[in-house]
Number of protein chains: 4
Amino acid sequence: MTKTSPAGGKSGHQARASIGARRNPASQAAILDAAEAILREEGLAGFSIEAVARRARAGKPTIYRWWPSRAALILEVYQRFKQAVGFPDTGALRTDLIAFLSNNLVGFWQSGMCGTVFRSVIAEAQTTPEAAAALAAYESARRRDATLMIERAKARGEVTAQTNSLLVVDLLVAFAWHRLLNGRLAETPADIEAVADLLIAGMQKPPASA
Amino acid sequence: MTKTSPAGGKSGHQARASIGARRNPASQAAILDAAEAILREEGLAGFSIEAVARRARAGKPTIYRWWPSRAALILEVYQRFKQAVGFPDTGALRTDLIAFLSNNLVGFWQSGMCGTVFRSVIAEAQTTPEAAAALAAYESARRRDATLMIERAKARGEVTAQTNSLLVVDLLVAFAWHRLLNGRLAETPADIEAVADLLIAGMQKPPASA
Amino acid sequence: MTKTSPAGGKSGHQARASIGARRNPASQAAILDAAEAILREEGLAGFSIEAVARRARAGKPTIYRWWPSRAALILEVYQRFKQAVGFPDTGALRTDLIAFLSNNLVGFWQSGMCGTVFRSVIAEAQTTPEAAAALAAYESARRRDATLMIERAKARGEVTAQTNSLLVVDLLVAFAWHRLLNGRLAETPADIEAVADLLIAGMQKPPASA
Amino acid sequence: MTKTSPAGGKSGHQARASIGARRNPASQAAILDAAEAILREEGLAGFSIEAVARRARAGKPTIYRWWPSRAALILEVYQRFKQAVGFPDTGALRTDLIAFLSNNLVGFWQSGMCGTVFRSVIAEAQTTPEAAAALAAYESARRRDATLMIERAKARGEVTAQTNSLLVVDLLVAFAWHRLLNGRLAETPADIEAVADLLIAGMQKPPASA
DNA sequence: AGCTAACCGAGACGGTACGTCTAGTCTTGCG
DNA sequence: CGCAAGACTAGACGTACCGTCTCGGTTAGCT
């Protein structure tokens, strides 16, 4: 739990040492660690500011000072381990899409309870407008980035230039969300290739109406 | 012990008359009405058994007697006005899919705050295993029914017989869920035709691997 | 989960200011005042933690934090105004006993509904073991103190040295309790002298068996 | 629990047979038995109309029809097994008083949890005016009857004729009540002779004021 | 070097809601 | 009409968290 605390207080367990009138990174880390652990172990139920404070051995005001709401804390937990996964660029759309679904979405969620945390984020966003806004902003940026895969395929001539790449990304992401939220992640890897093939086939034919 | 507690029901407002030792439909209706109203007006936040009881002028035990949990009550509220929407059968896959997305999913959610209620159902399912199970069962049945649209198109030769109709329905539903949960329902009708066309195009070409 | 719960304390009436992470004497006083008022006005019926909290404008957990049970709260209410009555020492046993019955017991209970409160304490002790233990400890100490009156009389030679002073005090206290619990306090002052005389006469003769 | 029930209903356990439109003695007995058993086993706490109905397999309205309150039911339970103990008449006051305390009061309460039941009666009387009235009437009659012991002693010349026999009985009963309510019944038999001797000695000397 | 300002752990506070229990009323259907 | 049954409104029970507040202690940086 990242307690430094050489100068241990009188409180039985060793406490974090004060670093004076500045935000204490050790405290922040301890709080995020505790929040992540609770989310992983008990899910969104059982996640309360009170419980996080208890586990992190932090005061509640310390949490409220830095995260205005439960939602903000949950989101930061998610983003902390989300950052490092880049988008695939294999040179072919089919393998790009398969890798995207497998590594960035489904597979990522299946590793280490990350899916549980993300389910919590989504659930929280249905309740709390600010969580909804933060999630929307985050997702919007991710989707825009992901269109690069489609655009590269267009440039290579793999799919028709009329393809609405944002919509295709939407479909991919929606598919993964749906499986996550329905608790059907386990059966999903078997469907990934079929989804990629179906969408690629759809993108190869120019829209009839155009 | 030794509580006086007058109670008795003659408390100013006219109370529901007792009908003896049987479930009182008037009470159940009042409770569902109150639950629905709160969900519509205030969303999942602000929805509490306490609040429902207050608004319905019902006792809390009456609610717990018939609905084992918050989730069960929310689900029944949703199912009460969900029942009547049948699946389209227009004779052509394209119009079927468009009608399905428009009427059964997106348009339905946009009417009368039904979307808010369904968002609550989904959020609750992320937290409460039993809500998750109930929702999964419900959705599974709905999806199976919806595959009929695809199967009819197969029979008409509109799409290749290798089409995995369950997967296509999954994609359609996932698309709608995703928009709902992201608060992007308003911009969705404009995309419905494009989604239908993309998927139909995908279904017309037999899988390359086959 | 997902409770909004505005709370906040700025609720119209001025609230007690927080004094930090220490027991707030103002809250404790308000709670005891409210408890006493309810006991006086409505008796043990009508006394509930809920009602006390409401009247004291305090939260229920604040009460439970400091008083583990209804009984503990009632007892403290009683002890709060019980403390100041000392035992008489008039120089003669007869006047001591009369003053003891009149001032420490019967007369005290008749003033300001204290009798109602003490009846509540006794009734609660019949139900709750811990209230019984607390009351027993309290009464035991009081009786021991009261034997001083008898012992002084022994030293003065007013009564025989074989007198079991604890038993005599028991009889005095029992007489007063009995009248209190039977609602016969009003007729009791007229009997006090007779009781004193009877017991003093009994104490003057050494036990025949000895 | 005194269920007769030859004609068992369909309710799993055998039910009492209806005897038509008349008060059913079997039901009354079952209710009183259940009430007594609960009082003995769990004391006044744990005694509720609900619990009695459950244990007696009776409907709550049946109880409310015949006993207007919890207090009435408790009192009847007590009186049911109280009836048979007569007052002693040994020919000497000392043995009369000792027998009275031993058999009618302390010893009776110590047998078969009767004391627990009577404590409940007294506690209930502190709360419920009607229970207080019923108990007062009952006790008043018993005390009047008990004065016979003193009056016979007066007639035999054992005690002075000025003795206020009602007051002496009061003291005896009060002593016993006090020990009962303080949970000190076990140590009381050892004190009974001393109490009798003390009071007899007191009664032998005419009041100084006369 | 002393003072001030901010952060920290802690935990009490007024509250809301939880899910359970009982009170006392009511009505049905059987006998 | 009496009875068993059990649903009903009402509300108290004791617990968990909420979000706010103040405390006492600590350290850093300014004066």
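Quick note on labels: first sequence line is chain A, next is B, and so on, each numbered from 1. Source: prediction; values computed, not measured.
Note that CD1 of B:I122 and OG1 of B:T127 are 13.0 Å apart. Values are rounded to the nearest 0.5 Å.
The shortest distance between the side-chain N/O atoms of B:R65 and the OP1/OP2 oxygens of F:dC8 is below 4.0 Å. For A:W66, a side-chain nitrogen or oxygen approaches OP1 or OP2 of E:dC8 to under 4.0 Å. Under 4.0 angstrom from either OP1 or OP2 of F:dA10 there lies at least one side-chain N or O belonging to B:R57. OP1 or OP2 of E:dC8 has at least one side-chain nitrogen or oxygen of A:Q28 nearer than 4.0 Å.
Rounding to whole angstrom units, CZ of residue C:R16 and C1' of E:dG14 are separated by 8 Å. Atom P of nucleotide F:dA7 and atom CD1 of B:I31 are separated by 13 Å, given to the nearest angstrom. Protein atom CZ of B:R55 is 14 Å distant from nucleotide atom P of E:dA17, rounded to whole Å. The CD1 atom of C:I38 sits 13 Å away from the C1' atom of F:dA12 (whole-angstrom rounding). E:dT25 atom P lies 13 Å from atom CD1 of D:I63, rounded to whole Å. Going from atom CG of B:N24 over to atom P of E:dT28 covers 11 Å, rounded to whole Å. Between the CG atom of C:L73 and the P atom of F:dG14 there is a distance of 11 Å, rounded to whole Å. Rounded to a whole Å, the CZ atom of B:R23 is 18 Å from the P atom of E:dG29.
Every residue two or more places apart in sequence or in another chain that forms a side-chain hydrogen bond (donor to acceptor under 3.5 Å, both in side chains) with D:E41 is listed here: D:R55.
In the set F:dC8, F:dT9, F:dC3, F:dC3 carries the atom at the smallest distance from any side-chain atom of D:S27. For D:T62, whose side chain is taken as the heavy atoms from C-beta onward, the closest listed nucleotide among F:dG29, F:dA4, E:dG15 is F:dA4.
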Any N/O pairs under 3.5 Å between the protein and nucleotides 19-21 of chain E? List them or say none.
residue	atom	partner	partner atom	Å
E:dG19	OP2	B:Y64	OH	2.5
E:dG19	O5'	B:Y64	OH	3.3
E:dG19	N7	B:K60	NZ	3.0
E:dG19	O6	B:K60	NZ	2.6

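Between C:I38 and C:G46, the closest heavy-atom pair is CG2-O, 3.5 Å.
Geometrically, C:R80 does not engage C:W67 in a cation-pi contact defined by less than 6.0 Å to the ring centre and at most 45° from the axis. For the pair C:R22 and C:W66, the NZ or CZ position fails the cation-pi test of under 6.0 Å to the six-membered ring centre and within 45 degrees of the ring normal.
Here the side chain of A:R119 pairs no donor or acceptor atom with the backbone of A:G43 at under 3.5 angstrom.
Checked by atom type, the side-chain pair A:R16/A:S27 shows a donor-acceptor distance below 3.5 Å.
Looking at which nucleotide of DNA chain F each of C:S18 and B:P25 is closest to, the 5′-most match is held by B:P25. When each of C:A56 and A:A21 is assigned the nucleotide of DNA chain E bearing its nearest heavy atom, the one mapping closer to the 5' terminus is A:A21.
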